[in-house]
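To start, the structure under review is shown below, and the notes come after it.
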Amino acid sequence: MLTKTHIQALRRVPDDQSRLGKALELGGVTQTAMAQDLGLTQTYISDVVRARYQTITVQNAYRFSNYFGCTIEDLFPLSAFRVKDTSQS
């Protein structure tokens, strides 16, 4: 669904912004349409776009990436996830 140019633009989105939201914008797709196509609720899509979930399932990440024709990492870059330091100083 996304062109190579779209995917390049997606990769330039800062880590603190939603790449899923940008993919929807670039693809000209509404959250409602995506939800219907994937058999999910619009509320769930909205929550993922707004980062209300700290994690999503690998299955849903794959479904999103497959929907847009990109990699999971294009939508959910590893650099966006911060690992908490649990060691005590």
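This structure is a prediction, so every number in the text was calculated from the model and none was measured. No hydrogens, no waters, no symmetry mates; every other heavy atom, side chains included, goes into these values.
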Inset, instruction - Could you walk me through whether M34 and L20 pass the side chain to side chain contact (heavy atoms under 4.5 Å, CB included) test, one step at a time? - result: CA-CA 11 Å; M34 182 181 184; L20 183 58; 3.9 Å; yes
Legend entry - Spatial distance of atom CG (D37) from atom OH (Y67) [nearest 0.5 Å]: 4.0 Å
Inset, instruction - Output the distance between atom OG1 (T41) and atom CD (Q31), rounded to the nearest 0.5 Å. - result: 10.0 Å
Inset, instruction - Keeping to residues at least two apart or across chains, list the salt bridge (Lys or Arg N to Asp or Glu O under 4.0 Å) pairs with something in residues 23-35. - result: K22-E25
Legend entry - Shared hydrophobic cluster, L26 / F64 (ILVMFWY, side-chain heavy atoms < 4.5 Å): yes
Check whether any side-chain heavy atom of [X] sits under 4.5 Å from a side-chain heavy atom of [Y], and report yes or no.
X   : Y   : result
N60 : V48 : no
P77 : R19 : yes
L24 : F68 : yes
I56 : F76 : yes

Inset, instruction - With sequence neighbours excluded, tell me which residues meet side-chain contact (heavy atoms from CB on, under 4.5 Å) with A35. - result: Q42, I45
Inset, instruction - Using the test side-chain contact (heavy atoms from CB on, under 4.5 Å), find all partners of D47 that sit at least two apart in sequence or belong to another chain. - result: T43, R52, Y53
Legend entry - Salt bridge R11-D74, side-chain N to carboxylate O under 4.0 Å: yes
Legend entry - Residue pair L2 / A23: nearest heavy atoms and the distance that separates them: CD2-O, 3.8 Å
Inset, instruction - Applying side chain to side chain contact (heavy atoms under 4.5 Å, CB included), run through L10 and H6 and close with a yes or a no. - result: CA-CA 6 Å; L10 190 62; H6 287 149; over 6 Å; no
Inset, instruction - Could you tell me whether a side-chain N or O of S65 sits under 3.5 Å from a main-chain N or O of T71, the two making a donor and an acceptor? - result: no
